[in-house]
Amino acid sequence: MRKPLVAGNWKMHGSRQAAKTLLESIKQGAVGISDIDIAVFPSFVHLQQAQELLAKTSITWGAQNLYVGESGAFTGEVSGPMLVDYGCQYVLIGHSERRHVFKEDLALVAAKLKSACDVKLKPVLCLGETLEQRKSDQTEQIIAEQLESAIDTVGIKSLQNMVLAYEPVWAIGTGLTATPEQAQAVHSYIRKLLAKQEVALANTMRILYGGSVKADNAAGLFAMPDIDGALVGGASLEAKSFLGICEAAVKEFKEGLLS
Ligand code: 13P
């Protein structure tokens, strides 16, 4: 059985003080939660606080982005080794806001993925279609293109160290969550794509769902056989709602172990 991961993507939110309060509250609230993995993705400037406050806890942290390579004349960018220095275990790659707002194409996403793998950061590779693509029945094609471009660049074996996140663009920050059945259909498709290349990897790969996940809709999503946790945006900015999602994952995981 795959161990669920609940991850909070804080995006470009929070002051230094707000980040401290949120980290402390999550740390306190997560004491005793050991059945699932929990990770937070603060902005770059709050990573040091995450490192200071979360060291010696089971909560891990990561960055929301990186740039290709180890160092160089790339004003304003942050490299993989810099993130490793701040104790990051994970990095988000190919988030829809990076793909759509910042126009990162398949080649750049793949290059970033490779840079993350090169320094042993665990990429959380985000995949997802826009509303127009869904309406024109292109969801599977888009997901396949995004996943295959990644596999072609880093090789199927590198995916062992990754997490995938299905985040339909139309469900992000809109309050429009995919239904558990809609999400399950895409998760199961992703797993089938992986299984074509390596069955063992397909069985162990954690595939998170992201897009308006809240404490009150998480249980329905986690009950689906191919949904292994969540990548949470808005609801991760408040400890109570984020921990509520973590608790839903714990409950589902324990019930799964019993069944
Ligand atoms: P929301 O949960 O705010 O919809 O954001 C989802 C997301 O983009 C997580 O990476």
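Note that ligands are numbered from 1 as they come in the structure, with each ligand's atoms numbered from 1 the same way. Both backbone and side-chain heavy atoms feed into the values below; hydrogens, waters and symmetry mates do not.
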Run the contact test for Gly211 against ligand 1 with a 4.0 Å cut-off on heavy atoms, strictly below, and give the result. yes
If you count the atoms of ligand 1 from 1 in the order shown, which ones are under 4.0 Å from a heavy atom of Glu167? 6 (C), 7 (C), 8 (O), 9 (C), 10 (O)
So, does Glu167 use its side chain to make a donor-acceptor pair with the main chain of Ser96 at under 3.5 Å? no
Can you list the atoms of ligand 1 that are under 4.0 Å from a heavy atom of Ser212? 1 (P), 2 (O), 4 (O)
Salt bridge between Glu104 and Arg98, side-chain N to carboxylate O under 4.0 Å? yes
Output the list of atoms in ligand 1 that are nearer than 4.0 Å to some heavy atom of Asn9, sorted by atom number. 9 (C), 10 (O)
Check for a donor-acceptor pair, side chain of Tyr209 on one end and backbone N or O of Gly211 on the other, with a separation under 3.5 Å. yes
Heavy-atom closest pair, residues Ile142 and Gly128: CG2-O, 3.8 Å
Polar proximity ligand 1 side, Glu97 side, N/O cut 3.5 Å exclusive: no
Backbone or side-chain N or O of Lys214 under 3.5 Å from ligand 1 N or O: no
I'd like to know if Lys20 pairs up with Glu24 as an ion pair, taking the criterion as any Lys NZ or Arg NE/NH1/NH2 lying under 4.0 Å from an Asp or Glu carboxylate oxygen. yes
Of Gly210, Gly233, Gly173, which has the heavy atom at the shortest distance from atom 4 (O) of ligand 1? Gly173
Does Ala165 have a non-hydrogen atom less than 4.0 Å from ligand 1? no
Hey, is Lys11 one of the residues with a heavy atom under 4.0 angstrom from ligand 1? yes
Donor-acceptor pairs under 3.5 angstrom involving side-chain atoms of residues 229-240: please list them, not counting sequence neighbours.
from   : atom 1 : to     : atom 2 : distance (Å)
Ser236 : OG     : Val232 : O      : 3.2
Ser236 : OG     : Gly233 : O      : 2.7

Under the ring pair (Phe, Tyr, Trp, His ring centres under 6.0 Å) rule, what pairs show up with a residue in residues 135-180, not counting sequence neighbours? Tyr166-His187
Salt-bridged, Asp228 to Lys3, with N to O below 4.0 Å? no
Per-atom filter on ligand 1: closer than 4.0 angstrom to a heavy atom of Gly234 are 1 (P), 2 (O), 3 (O)
Which ligand 1 atoms, with their elements, are less than 4.0 angstrom from a heavy-atom of Ala171? 4 (O)
